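Every number for a ligand or one of its atoms is a count from 1 in the order of the listing. All residue numbers in this chain count up from 1 along the given sequence. Bear in mind that the values here come from a model prediction, so they are computed numbers and not experimental data.
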Amino acid sequence: MKKIGILTSGGDSPGMNTAIRAVTKMAMNYNCEMYGIKRGYKGMLNDEIFKLNPLDVSGIADRGGTILLSARLPEFKQPEVRAKAAANLKRHGIEGLVVIGGDGSYRGADLLFREHGIKVVGIPGTIDNDIAGTDYTIGYDTTLNIILDAVSRIRDTANSHERTYLLEVMGRDCGDLALYSAMAGGANGVLIPEVNRSIDELAEDIKERRSQRKLSDIIIVAEGVGHVFDIAKELKEKINTEIRVTVLGHIQRGGSPTAFDRVLATRMGARAFELLMEGESGIMVGMENNKMVTHAISYAWENKTNISLDDYNLTHLLSI
Ligand code: F6P
């Protein structure tokens, strides 16, 4: 294989650039040409495909976001759209493709392989940590640390004003960011979509803490649980303390990737390239039990990630 394309798709995540660098520099070592595709599948469709040079990926290992830009293209579900995009790849002589993104991006890649013979390897890049087949996705650790920084800052003001804070974090339908920021941040409660916990129970816990003269609380709320302002309103009817809501939002996706994410992205990027060179296709790379693994790319949407109930129970036990 002499020409490989690479794109980032879906929500950007810190470490995507590190992965782009790893794939591209591996290719240079093997005299293989790398082509960047801008704006994910949108750029593939609009022929925004350009040759990646050493300078393009130099000094980007520590840069957040993605130099290739990212977008979502729902129209990629249409066969004629995929056919046009595949024709663009073929016109450039691109035979292999590395897709960095979530399981939605993988589905498009799988169809490019099945319908048009483009060899594809997926790299899990999302802050949500919601992709089956890998213990961690690129960007998750950085976001976790951003949330922890916010928790510490909020704790100061929560203590000073003796308030209850609800902190909404991202994650879509996955509670990992919320659960592990609650555990590591020493929060006083956590609401995640995977575990049904009533507002009544949360209110009782807060009242119990008050009876022990603990006068402030930080409750982490995963966005997948529902509208945090509605939760705050319902909670306010049951407790007698002042409540504030903080929605962390897109701050969680920015900034320089942590060492963990950079190492993960480098290992995954290098492995994805090697797999294409070995003639593999229709697979995703992952890291399980600190080892690089591969799965059929469909594994990502045919399986669900599981929350650890032990970790949830432990976090709850320590939230008093
Ligand atoms: O999938 C990453 C993510 O940041 C989710 O956590 C969040 O729900 C969503 O993307 C936000 O999407 P957008 O950037 O399009 O608002």
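Atom 6 (O) of ligand 1 has its closest protein heavy atom at Asp128 OD1, 2.7 Å. The closest protein non-hydrogen atom to atom 13 (P) of ligand 1 is His250 NE2, 3.6 Å. Residue, atom and distance of the protein heavy atom nearest to atom 9 (C) of ligand 1 are Arg172 NH2, 3.8 Å.
Closest to atom 12 (O) of ligand 1 by heavy atom, among Glu223, Gln252, Arg253, is Arg253.
Within the 4.0 Å heavy-atom cutoff, Arg72 counts among the residues contacting ligand 1.
With no hydrogens or angles considered, a side-chain donor-acceptor pair links Asp261 and Thr142 at under 3.5 Å. A side-chain N or O of Ser216 and one of Asn159 form a donor-acceptor pair less than 3.5 Å apart.
Side-chain rings of Tyr140 and Tyr180 stay apart, their centers remaining 6.0 Å or farther from each other.
Remark: ligand 1 and Gly171 share an N or O pair separated by less than 3.5 Å (distance only, no angle test).
Between Arg209 and Thr164, every side-chain heavy-atom pair lies at or beyond the 4.5 Å cut-off.
Interface of Met170 with ligand 1, defined as ligand atoms under 4.0 Å from a residue heavy atom, comprises 4 (O), 6 (O).
Summarising the geometry of Ile118 relative to Ile94, their closest heavy-atom pair is CD1-O, 4.0 Å, with the distance given to 0.1 Å.
Ring planes of Phe260 and Tyr136: perpendicular class, angle over 60° (limits at 30 and 60°).
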